[in-house]
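Following: one structure in structure tokens, then a few remarks.
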Amino acid sequence: MDLSIFSYKFMQNAILAGLLGGVACSLIGVFVVTMNLSFIGVAISHAAFAGALCGAWLGFSPQFGAFLFSLVAAAIIGPLADRGEFNPDTPIGIIFSVTMGLAFMFMGLLPGPKTQALELLWGSILTVSDRDLVLLAIAAVVVLVLVMLFFKEIQAVIFHRQVALAVGIPANLIFYGLLFLTGSVIAASLRTIGGLLIFNLILNPAAAAYQLTYNLRAMFALSVLFGVLSTWLGLFVSYLFDVPSGATIVIFSAVIFIIAASFSPKRRVKKWR
Amino acid sequence: MPSAGDVIIKIEDAVVSYREDVALRGVTLTVRRGELVGIIGPNGAGKTTLLTLVNGLGKLLRGRVEVLGYSLNGGCPDILRKRIGYVPQIQNIDPRMPVNVWEVVMMGRYGRLGLLRRPGSTDRQVVDCMLKLVGMSHLASRPIGHLSGGEQQRVAIARALAQEPDILLLDEPTTGLDRRARVEIMALVNEIHRSRHLTTLMVTHELRTAAEVCDRLVLMKEGRIWIQGKPEEVLREEILDLLYGDEEGICS
């Protein structure tokens with residue numbers, strides 16, 4: 001097997017992007033899975049995609065557009081779901097459909113060929129730039145540091161937000177902080193992983209880790225391991241068979257989830273209780 | 001520092017509304033330090049809302065609330081929440097939740113610790129002590145979602161006590177439990193209240209046991225305090241008939 005490909009700068013960048021994106025997305029995924037925010041995450045991902053296309057259309061940075069739209073989506077969804085005026089699914093569903101509509105509208109408004117739009121949709125880990133890497137590195141480091149600094153508060157909010165609030169933890173601040181962090185990571189990873197695929201990389205590694213442990217620290221560690229493993233294996237197979245890397249990354253993350261779910265000790269709970 | 005007998009909870013003309021539903025309609029209540037007050041009444045009477053007014057989880061529409069000298073009209077300061085232990089109604093906890101019993105009790109220390117500070121040896125000792133107090137030391141490493149309802153309530157009480165609170169709020173701590181667990185939990189509440197010199201407010205449907213352990217009972221109906229007094233004064237058949245309508249009020 002010819003491994004000379006790994007000596008090329010673009011492949012080294014892709015491997016580094018896989019590491020950084022895998023770390024950032026899979027850490028965020030732990031919040032999403034344990035707090036049942038899957039649908040919120042999907043809506044924020046699509047808002048980021050619409051924002052990136054808006055940026056591309058208006059001529060400013062797609063990442064900035066993604067960042068802005070995902071934060072606005074988080075800021076709208078959180079309070080609407082919290083106030084209980086609607087079932088949380090309702091505002092999330094509305095945001096989801098509106099952002100999809102906006103994304104298609106901006107895509108239609110983009111002049112010329114739609115290459116940039118398609119890159120944002122599918123991601124392009126093999127053409128990741130140094131600037132993208134810096135952005136991913138910032139996202140990964142910020143999420144990692146925040147998780148380490150506020151682990152106990154995050155753990156309490158994950159367990160029960162009202163209880164966390166009652167013991168004197170600023171639980172709402174932590175909850176909204178996590179939503180904004182989710183939006184920021186999605187925005188930072190969008191060009192590399194792609195609007196359609198990013199949420200799988202957030203959800204699948206954390207969902208796999210959730211199957212295997214009752215310890216939150218171990219869940220964070222396993223999720224990161226599965227996230228990075230998915231991106232690296234995906235990249236490798238993408239190179240071997242000359243298929244789109246975004247798709248292989250997501251397929252590997254799903255395969256890891258299926259294996260974890262199949263061997264999950266949590267599936268045996270009823271047998272030994 | 002307030003001394004025994006001082007009024008430490010003062011609620012005046014409190015009105016709380018959830019959109020079109022008025023949960024509390026001008027409730028006035030004072031609680032003295034060291035009292036164990038039982039709050040009883042039919043479903044929808046506003047009992048839980050009254051409880052959550054004390055720790056600021058309930059949103060006041062009108063009236064005044066003062067707890068341990070802090071006014072809650074502008075929101076509940078975190079410093080006050082740290083001094084109030086709260087045991088909510090039994091929750092359905094995901095059996096796969098990646099948190100164990102010891103960690104749940106430790107959460108009671110997090111508010112006191114504040115942001116960016118890690119639990120120390122004192123915190124660990126307090127957690128061990130509270131688990132022992134509620135008889136749950138042997139299950140410390142068990143995932144919280146694997147416990148029975150009664151065990152989860154004991155853990156919730158241990159977590160609230162780990163805060164080393166001045167006030168303990170219990171919201172139907174025995175609902176959904178079998179008879180033995182109900183008796184054990186009520187005995188535990190009574191013992192903890194007396195031995196730790198707490199001020200306790202407890203929403204309960206256990207009228208007989210409440211009569212035995214509470215210093216005072218507050219009977220609520222339709223968002224108002226209907227009558228309050230010593231258990232022997234208010235737990236009379238004609239009062240309970242009116243409070244609950246034709247339903248049987250007294251639980252075994």
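Proteins get letters first, then strands, A, B, ... in listed order; numbering begins at 1 in each. What you see below is based on every heavy atom in this structure, not just the backbone, and it leaves out hydrogens, waters and symmetry mates.
If you measure heavy-atom distances from L80(B) to chain A, you find no contacts under 4.5 Å at all. Neither the backbone nor the side chain of V87(B) comes within contact range of chain A; no heavy atom of the residue lies under 4.5 Å from a heavy atom of that chain. The contact between R159(B) and chain A is made entirely by side chain atoms (from C-beta outward), counting heavy-atom distances below 4.5 Å. Heavy-atom distances place the side chain of F150(A), and not its backbone, under 4.5 Å from chain B. Of the two parts of I84(B), only the backbone, made up of N, CA, C and O, holds a non-hydrogen atom closer than 4.5 Å to a non-hydrogen atom of chain A. Of the atoms belonging to Y86(B), it is side-chain heavy atoms, and not backbone ones, that fall under 4.5 Å from chain A. Heavy atoms closer than 4.5 Å to chain A are found in the side chain of I144(B), but not in its backbone. Contacts of L169(B) with chain A are absent, with no heavy-atom separation under 4.5 Å from either backbone or side chain.
Chain B forms the most heavy-atom pairs under 4.5 Å with one residue out of V167(A), I158(A), L165(A), and that residue is V167(A).
Residue M97(B) holds its CE atom at 10.0 Å from CE of M219(A), rounded to the nearest 0.5 Å.
The aromatic ring centroids of H46(A) and F199(A) lie 6.0 Å or more from each other.
Of all the heavy atoms in I186(A) and A48(A), the pair that sits closest is CG2-CB, 3.5 Å.
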